[in-house]
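In each ligand, atom 1 is the first atom listed, and ligand 1 is the first ligand listed.
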Amino acid sequence: MTQKISLTRYLVEQQRVDGRIPPQLRLLIEVVARACKRVSQAVNKGALGGVLGTAGSENVQGEVQKKLDIIANEVLIEANEWGGHLAAMASEEMDGIYVVPNRYPQGEYLLLFDPLDGSSNIDVNVSIGTIFSVLRKPAGDAGVEEKDFLQPGKCQVAAGYCVYGPQTTLVLTVGDGVAMFTLDREQGSFVLIEENVRIPADTKEFAINMSNMRHWDAPVRRYIDECLEGQDGPRGKNFNMRWIASMVADVHRILTRGGIFMYPWDKREPDKPGKLRLMYEANPMAWLVEQAGGAATNGHERILDIQPGKLHERVSVILGSKNEVERVTAYHRDAEARQPAA
Ligand code: P6P
């Protein structure tokens, strides 16, 4: 029987190989994984745990908060604040940063998370997940402020998500490829199932919310129209479509079998670059996808190169199979080149 490799053993052995996972970062990842186990248990209870439905409040995004959004946020805060590995945390569900209280030791890492992504799917029993991103606190003994979080995605030292679906699976990168771990509920530990995830460069499957088609910019419209023309059109092949409306689930499918995911800018709110948040949705997912051989842009530049201006800023997201992302990005460049000089 093949030996089961736990998350802890994987992290310890990775540290021996190239020192990418110093003890404090290993502790951080294990604490986040334990918190995700607790969130998974709460999600799995559903109505039996009295955790469905809305909390009667809105988050900083102006979105109605689900009870589980708040529960997941509290679980992650409580699990991480005392360990001494963090200086502060930031969450989709909190307006400002959460500085580790003085009664606990301060660490060198900053943790950002979307505690429960896709929460509109909670009440209808569709996969949801937790997304997390880890940065280093800038050097210096001064305290920690929001501006310390405003680092481009290429500065991440760890990133991942936990998808709460038919399996509870943790997906992680520390910059040396992507590994997947499924929760063995009998043992209560995450077990390695794949340690070299690769996204095929080509695909026949796109993920986008088609109901927004009339609002898209020309390059996105051109790309999807060509996919819909199928084998008789310029692509010479038929495409399939998936849209789970849970980024974690859509990205997990792409990491597992390829595909392209798009939540582009659209003209409904022209001043908003996109719907998804840069710091704790797009950046961690972009790094995972790139580490698995895929690509991630906002239509114009690599997502990981974007210099954040605000903690909760949004971004247009095009990610997945490298050749498809490059095609959509090239269509944006073609459109820009045709624009009359300003
Ligand atoms: P729409 C979930 O609310 C989310 O932030 C992502 O997980 C998901 O990809 C997207 O929004 C779905 O948006 O407009 O299709 O409901």
Next item on the list: Enumerate the residue pairs fulfilling side-chain hydrogen bond (donor to acceptor under 3.5 Å, both in side chains) with a member in residues 111-120, sequence neighbours excluded, ordered by first and then second residue.
Entry: Asp69-Ser119
Check: Are the ring centres of Trp243 and Phe261 closer than 6.0 Å?
Finding: yes
Item checked: Nearest-0.5 Å distance that lies between atom CG in Leu111 and atom CG in Leu86 -> 5.5 Å
Notebook entry, point to check: So which protein residues pack against ligand 1 under 4.0 Å, heavy atoms counted?
Noted result: Asp117, Gly118, Asn209, Trp243, Ala245, Ser246, Met247, Phe261, Tyr263, Lys275, Leu276, Arg277, Glu281
Item checked: Pairwise side-chain hydrogen bond (donor to acceptor under 3.5 Å, both in side chains) hits with a residue in residues 166-189, at least two apart -> Lys4-Asp184, Ser40-Thr168, Ser40-Arg185, Asn44-Arg185, Thr168-Arg185, Thr169-Thr182
Notebook entry, point to check: At their closest point, which heavy atom of Val178 faces which heavy atom of Val171, and how far apart are they?
Noted result: CG1-CG1, 3.5 Å
Could you go through residues 207-215 and list every donor-acceptor pair under 3.5 Å that involves a side-chain atom there, pairing it with any protein atom two or more places apart or in another chain?
| residue | atom | partner | partner atom | Å |
| --- | --- | --- | --- | --- |
| Asn209 | OD1 | Ser211 | N | 3.0 |
| Asn209 | OD1 | Ser211 | OG | 2.5 |
| Asn212 | OD1 | Arg268 | NH1 | 3.2 |
| Arg214 | NH1 | Ser211 | O | 3.0 |

